[in-house]
Amino acid sequence: RMALALNQQKEVASSCLEYLLLALVQQYKKLGDENGWDEIKLHTKLQEIGEHLGIRILEKLVKDHARFNRELDIIKFLCKDFWN
């Protein structure tokens, strides 16, 4: 089972994260129905949450990582450490 490492001591199974995100989307759809949001507003809100969450996860992952000197190092990190 794949796991998303937040740091060396803590890991979250990707299936748990997927379930949490699914529940979040369902809750926001319900909230949107209650408040009369159109699909564009709902999409915008979910996109903002996703961007914020992605930034926080990356910040935790790179906290103890050596500074990136080149753009290629950033791409390598994303491909090897973040997405796997």
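- Considering only residues two or more places apart in sequence or on other chains, E34 meets the side chain to side chain contact (heavy atoms under 4.5 Å, CB included) condition with K30, L31.
- Listed by chain and number, the residues in a side chain to side chain donor-acceptor pair (under 3.5 Å) with R67 amount to none (sequence neighbours excluded).
- Residues W37 and K45 are in side-chain contact: their nearest non-hydrogen atoms beyond the backbone lie under 4.5 Å apart.
- Proximity of E48 to H43: side-chain heavy atoms (C-beta onward) are nowhere separated by under 4.5 Å.
- When the ring pair (Phe, Tyr, Trp, His ring centres under 6.0 Å) test is applied to Y28, no partner is found at least two apart in sequence or on another chain.
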Output side-chain donor-acceptor pairs under 3.5 Å for residues 17-24, partner residues at least two apart or in another chain, one line each.
none

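- Residues E59 and K63 are not in side-chain contact: their nearest non-hydrogen atoms beyond the backbone lie 4.5 Å or more apart.
- Atom CG of L58 sits about 6.0 Å away from atom CZ of F77, to the nearest 0.5 Å.
- Applying the side chain to side chain contact (heavy atoms under 4.5 Å, CB included) rule to I40 yields the partners D38, T44; only residues at least two apart in sequence or on another chain are considered.
- With rounding to the nearest 0.5 angstrom, the CG atom of D73 is 11.0 Å from the CG atom of L78.
- Note on V62: it does not cluster hydrophobically with I75, by side-chain heavy-atom contacts below 4.5 Å among ILVMFWY residues.
- Note that CG of L46 and NZ of K29 are 8.5 Å apart. Values are rounded to the nearest 0.5 Å.
- We find the CZ-CG distance between R56 and L61 to be 12.5 Å, quoted to the nearest 0.5 Å.
- Evaluation of the side chain to side chain donor-acceptor pair (under 3.5 Å) rule for Q47 yields E51 as partners, not counting sequence neighbours.
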